[in-house]
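What follows is a set of notes on a single structure, which appears directly below.
These numbers were taken from a predicted model, which means no experiment stands behind them.
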Amino acid sequence: MQPNPTTTRAPRVLAGDLGSVESGQPATLAGWIHRRRILANVTFLVLRDRSGLAQVVVKDRDTVEQLAGLPEETVVEVTGMVSANESAPGGAELVKPTITALTEPALAPPTELWRPTFGAGLPTHLDHAAVTLRHPRHRAAWQIAGASMRGFRAALGALEFTEIATPKLVGTATESGANVFTVDYFGRTAYLAQSPQLYKQMLVGVFERVFEVGPVFRAEPHDTVRHLAQYTSLDAELGFVRDHRDVLAVLREAIAGMVDAIREHAGDAAALLAVELPRVPEEFPVIHFSDALARVGADPDEPDLSPAHERALSEWAKTAYDSDFLAVEGYPMGKRPFYTHPQPGDERWSNSFDLLFRGLELTTGGQRLHRPSDYAAAMERTGTDPAVLAGYLDAFAHGMPPHGGFAIGLERWVGRLTGAENIREVTLFPRDLHRLEP
């Protein structure tokens, strides 16, 4: 009886773990041909898998000829003997290999993915993202994003938050009707949700502390390097707060957890992109919106901060507090949603904040209204029909604690960390004013 080769081969080893295998022992790698270097007396195969790169030394004439017919990006399995080599990735390589192609020979990618820097422009990358995302630098950006989500979940889980999943199809355009996408929902008009805001508030009445990681949709016709029509939002809401400063303290824990997770789970990716991870202070420095306007020399009646104001304030925070973060609190009530809690003693301002990170607004948050009478007044002030929000308002009629929350834009976070000039560089498959493919 002939042995089954699938049961007698050496167990698969990840490229990143090859150096931990004892020299002289057999090992099997599996992944993509990252590069072939065919020299006069030896050929080098660089194989790529999810953990990184490994080097395979090929000297046998038949195997060299076989490899010549297997272009870059072909998926292969390679079995050989481990040999220590300090100059190889991870300090070890495979020698005397047997190569098995697991697919047909791959087509040439739109640019050479083995080069250290990505050789094509952003349109080429976005048009062929399923392939060009394989480039280590593009992969690294989303590895940082993935670690950030992992850290966000871990930090809030440690604070006894419950992860939720809210509807992305909604029946009313509740937050700003002009900026929503409409959908044909069995003959009725529905909308893609701009945020999980109303649902996460309702669920504070169930779980007290909730968070969600998911897509949100904004039908804003912006064609800028910082806006997307769909992005990933890291949302949290918590009950029994004294004011928005309690929310800001939880935001600090979430961001610290994200930074820690990048350091632990995506350290190599961060190093590849020369990411300087921020030091998260014990408390974020805070400035009132009115003081922020004065500091940047803006008109005191300005309703919002401009991008230039955000950059100037971040530079000031770096000088004054050695902080990459600055919380601007007390935005005008007229610029905040109807559910925002006013600042006690001066209702021109709100108990809300934006968190600036390295010159860009990263997070919006604050304290929400929680008394039914306050919602009735807010409905009247904004001209909102209470019947449109009946399900939402029902939660408050049945008792809701003082609460607040925040939302972090994941792609903006990664973009600031990596220094990306365009947010699309750190988005897997961007959706914007022009792009619905791939």
Side-chain angles (χ1 to χ4, degrees), residues 173-180 194-195 197 218-227 241-248 251 283-321 323-371 373-385 402 404-409 412 416:
T174 53
E175 292 193 54
S176 56
N179 297 325
V180 294
Q194 291 175 290
S195 83
Q197 180 60 46
R218 300 291 171 90
E220 299 169 344
H222 296 305
D223 192 13
T224 76
V225 298
R226 58 186 279 181
H227 288 95
V241 302
R242 291 165 295 182
D243 57 27
H244 63 289
R245 292 289 186 94
D246 286 347
V247 177
L248 193 59
L251 172 60
E283 293 185 6
F284 291 133
V286 180
I287 186 173
H288 194 275
F289 179 81
S290 58
D291 296 328
L293 290 179
R295 178 157 291 281
V296 298
D299 188 314
D301 294 326
E302 284 286 342
D304 205 351
L305 296 174
S306 70
H309 294 154
E310 294 175 355
R311 290 192 294 271
L313 288 166
S314 287
E315 291 172 3
W316 168 74
K318 188 66 175 177
T319 300
Y321 299 101
S323 174
D324 289 317
F325 301 93
L326 176 67
V328 181
E329 67 179 2
Y331 278 76
M333 281 294 291
K335 286 295 292 182
R336 295 282 137 156
F338 70 90
Y339 48 74
T340 305
H341 198 291
Q343 178 181 305
D346 192 343
E347 296 197 354
R348 293 177 300 168
W349 313 112
S350 65
N351 268 10
S352 70
F353 60 82
D354 280 358
L355 184 69
L356 308 183
F357 174 53
R358 294 180 178 170
L360 185 68
E361 172 205 321
L362 173 69
T363 307
T364 295
Q367 183 183 4
R368 326 300 190 188
L369 300 175
H370 68 281
R371 294 183 176 89
S373 57
D374 289 337
Y375 273 96
M379 298 289 102
E380 183 175 353
R381 183 182 72 251
T382 59
T384 303
D385 181 1
F406 60 82
I408 304 170
R412 279 197 180 185
R416 297 314 291 162

Would you sort out whether Arg218 and Asn179 count as a side chain to side chain contact (heavy atoms under 4.5 Å, CB included), showing the intermediate values?
-> CA-CA 6 Å; Arg218 300 291 171 90; Asn179 297 325; 5.6 Å; no

Report the distance from atom [atom1] of [X] to atom [atom2] of [Y], rounding to the nearest 0.5 Å.
X	Y	atom1	atom2	value
Ile408	Leu355	CD1	CG	8.0 Å
Thr340	Tyr331	OG1	OH	12.5 Å
Arg245	Phe353	CZ	CZ	10.5 Å
Met379	Tyr339	CE	OH	11.0 Å
Phe406	Leu248	CZ	CG	9.5 Å
Arg336	Ser350	CZ	OG	5.5 Å

Closest non-hydrogen atom pair between [X] and [Y], with its separation:
X	Y	result
Asp374	Leu369	O-CD1, 3.9 Å
Val241	Gly404	CG2-N, 4.1 Å
Ala312	Val296	CB-CG1, 4.0 Å

Decide yes or no on salt bridge (Lys or Arg N to Asp or Glu O under 4.0 Å) for Glu310 and Arg412, but give the supporting numbers first.
-> CA-CA 14 Å; Glu310 294 175 355; Arg412 279 197 180 185; 6.0 Å; no

Is a side-chain donor-acceptor pair under 3.5 Å present for Thr224 with His222?
->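 There is no such pair (donor and acceptor under 3.5 Å, judged by atom type) between the side chains of His222 and Thr224.
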
Determine whether the side chains of Glu329 and His244 contain a donor N or O and an acceptor N or O closer than 3.5 Å.
->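 A donor-acceptor contact under 3.5 Å links the two side chains.
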
Report yes or no: does [X] contribute a side-chain atom to a donor-acceptor pair with the main-chain N or O of [Y] at less than 3.5 Å?
X	Y	result
Asp291	Ile287	no
Ser323	Ala317	no
Gln343	Gly330	no
Arg358	Ser314	no

Could you check whether the rings of Trp316 and Tyr321 sit parallel, tilted or perpendicular, using 30° and 60° as the cut-offs?
->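 Ring orientation of Trp316 relative to Tyr321: perpendicular.
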
If the plane angle is over 60° it's perpendicular, under 30° parallel, otherwise tilted; pick one for Phe289 and Trp349.
->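 Ring orientation, 0 to 90° scale: tilted.
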
With a 4.5 Å heavy-atom cut-off, do Arg226 and Pro307 have their side chains touching?
->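 Yes, their side chains come closer than 4.5 Å.
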
Is there side-chain contact between Val247 and Gln367, with at least one heavy-atom pair below 4.5 Å?
->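 In short, these two side chains do not touch, never coming nearer than 4.5 Å.
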
Apply side chain to side chain contact (heavy atoms under 4.5 Å, CB included) to Leu305 and Asp354, showing your working.
-> CA-CA 10 Å; Leu305 296 174; Asp354 280 358; over 6 Å; no

Flag the pair Glu347 and Arg381 as a salt bridge only when some basic side-chain nitrogen lies within less than 4.0 angstrom of an acidic carboxylate oxygen.
->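 Here Glu347 does not pair with Arg381 in a salt bridge, since their nearest N and O are not under 4.0 Å apart.
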
